[in-house]
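Here the structure is laid out as structure tokens; the discussion comes afterwards.
Reckoned from all heavy atoms, side chains included, excluding hydrogens, waters and symmetry mates.
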Amino acid sequence: AAMPLFRPFLRLLGVDVTRMQEALRNVDTLREKIEEVSSVPDKFDDCFSERGWIIYDYMNLEVARRAIELADAGAYDAAERELVSYYSPDEVRRQLKFMIAVAAFKPRMRLAERAADDYEAKRFHACVPVVLALMDGLVSELSETRRGFFAEEAGLTAWDCIAAHDKGLTALARILQKGRRKTNGARIAVPYRHGIMHGMDLGYDNDL
């Protein structure tokens, strides 16, 4: 709106006004795209956090969008199959490479790579407890209070991270640390930490 007023002065400063105007013509389209992309994290977490899924910075946006579309249509099981198929062994290993940059994760990498081997071999009974333990230990080491991922005082929020807001890691930790006091042999789709690590949930050995 201010461009007609600024145009003469910008020309005096040697600014290529024509190129600026071309760029400004696309502002509405760009705004729509930004609004769409910025709505994906909340929509994803609203749909899936109760099922143990949260979005994060390195997640494939198209996969998240497809899962949301399926969930909106009421096809939650199909949406979760879409997410499971995204996490192929190759994708797990690719994302694991990002963790090399985290100093506190380096001593944990050996076990994480073994868990990835177990995941590829469909030995879910072996990899799930290892991943839960690594999550707990990593957060404990990074936390000033030395509280693990599953501790109520862990402090898992951060302003500059998609995953680390109230609907993200905090909500996930709350779900995963639910009390599980009865032996359950049925298949579960959410890795409840207490149920698995204390031998109460026995049907956790599946790809979901």
Side-chain angles (χ1 to χ4, degrees), residues 41-60 63-64 67-68 71 76-77 79-87 91-92 95-96 98-99 102 104-105 108-109 111-116 118-119 122-158 161-208:
D42 278 342
K43 283 183 180 177
F44 187 92
D45 289 345
D46 286 342
C47 289
F48 299 108
S49 65
E50 286 296 320
R51 290 172 170 249
W53 300 91
I54 61 164
I55 199 166
Y56 55 96
D57 301 61
Y58 293 109
M59 188 171 183
N60 184 294
V63 172
I68 291 168
Y76 277 91
D77 289 345
E80 287 196 302
R81 295 320 307 172
E82 181 81 27
L83 293 169
V84 169
S85 64
Y86 168 57
Y87 288 102
E91 181 61 22
V92 169
Q95 296 202 23
L96 198 54
F98 292 129
M99 298 302 291
V102 181
F105 195 78
R108 295 171 169 84
M109 185 60 82
L111 283 176
E113 287 174 341
R114 289 192 173 187
D118 287 331
Y119 179 73
K122 302 188 184 302
R123 292 189 294 265
F124 306 118
H125 66 283
C127 63
V128 172
V130 172
V131 171
L132 290 172
L134 292 178
M135 285 168 58
D136 213 13
L138 177 65
V139 172
S140 179
E141 187 162 333
L142 294 173
S143 169
E144 292 179 6
T145 59
R146 304 298 291 180
R147 307 294 286 178
F149 181 81
F150 300 98
E152 289 182 11
E153 308 86 357
L156 300 169
T157 57
C161 176
I162 289 175
H165 59 75
D166 288 339
K167 290 184 179 180
L169 287 173
T170 301
L172 182 64
R174 197 162 47 243
I175 292 160
L176 300 191
Q177 67 188 4
K178 282 183 178 176
R180 311 286 286 178
R181 293 178 175 81
K182 291 183 179 178
T183 300
N184 175 27
R187 179 181 182 275
I188 60 170
V190 174
Y192 299 110
R193 187 260 184 197
H194 297 310
I196 293 169
M197 301 304 273
H198 296 297
M200 304 306 287
D201 279 310
L202 308 177
Y204 69 87
D205 51 335
N206 61 79
D207 61 350
L208 194 53

Cut-off 3.5 Å, no hydrogens considered: what does the side-chain donor-acceptor table look like for residues 181-191, sequence neighbours left out?
unit_1: Asn184; atom_1: OD1; unit_2: Ala186; atom_2: N; d: 3.0
unit_1: Asn184; atom_1: ND2; unit_2: Asp201; atom_2: OD1; d: 3.2

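- Shown here are the salt bridge (Lys or Arg N to Asp or Glu O under 4.0 Å) partners of Arg81, two or more places apart in sequence or in another chain: Asp207.
- Partners of Cys127 by side-chain contact (heavy atoms from CB on, under 4.5 Å), not counting sequence neighbours, listed by chain and number: Ala115, Asp118, Tyr119, Phe124.
- With rounding to the nearest 0.5 Å, the separation of CD in Glu91 from CE in Met59 is 9.5 Å.
- Put simply, the side chain of His194 reaches to within 4.5 Å of the side chain of Gln177, judged on heavy atoms.
- By the 4.5 Å heavy-atom criterion applied to side chains, Ile55 and Asp45 are counted as neighbours.
- Residues passing the side-chain hydrogen bond (donor to acceptor under 3.5 Å, both in side chains) test with Tyr87, sequence neighbours excluded: Tyr56.
- Note that the CG atom of Asp46 and the CD1 atom of Ile68 stand 9.0 Å from one another [nearest 0.5 Å].
- Ring orientation note: the planes of Tyr76 and Phe48 are nearly perpendicular, at an angle over 60° on the 30°/60° scale.
- For the residue pair Ala79 and Ala71, the shortest heavy atom distance occurs at CB-N, 4.2 Å.
- Side chains of Arg193 and Met135 form no contact here, defined as non-hydrogen atoms less than 4.5 Å apart.
- Closest heavy-atom contact between Val92 and Ala116: CG1-CB, 4.5 Å.
- Between the CZ atom in Arg123 and the CZ atom in Arg114 there is a gap of 11.0 Å [rounded to 0.5 Å].
- The side-chain heavy atoms of Met99 and Met109, taken from C-beta on, include a pair separated by under 4.5 Å.
- A donor-acceptor pair under 3.5 Å links the side-chain atoms of Tyr86 to the main chain of Asn60, judged by distance alone.
- Gly137 approaches Arg108 most closely through the heavy-atom pair O-NH2, 3.1 Å.
- In this structure, OG in Ser85 is found 7.5 Å from CG in Leu83, a value given to the nearest 0.5 Å.
- Applying the side-chain hydrogen bond (donor to acceptor under 3.5 Å, both in side chains) rule to Glu80 yields the partners Arg51, Trp53; only residues at least two apart in sequence or on another chain are considered.
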Legend entry - Stepwise side chain to side chain contact (heavy atoms under 4.5 Å, CB included) test for Leu142 and Phe105: CA-CA 10 Å; Leu142 294 173; Phe105 195 78; over 6 Å; no

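- Contacts of Glu50 classified as side-chain hydrogen bond (donor to acceptor under 3.5 Å, both in side chains), with partners at least two apart in sequence or in another chain: none.
- Leu172 places a side-chain heavy atom less than 4.5 Å from the side chain of Leu176.
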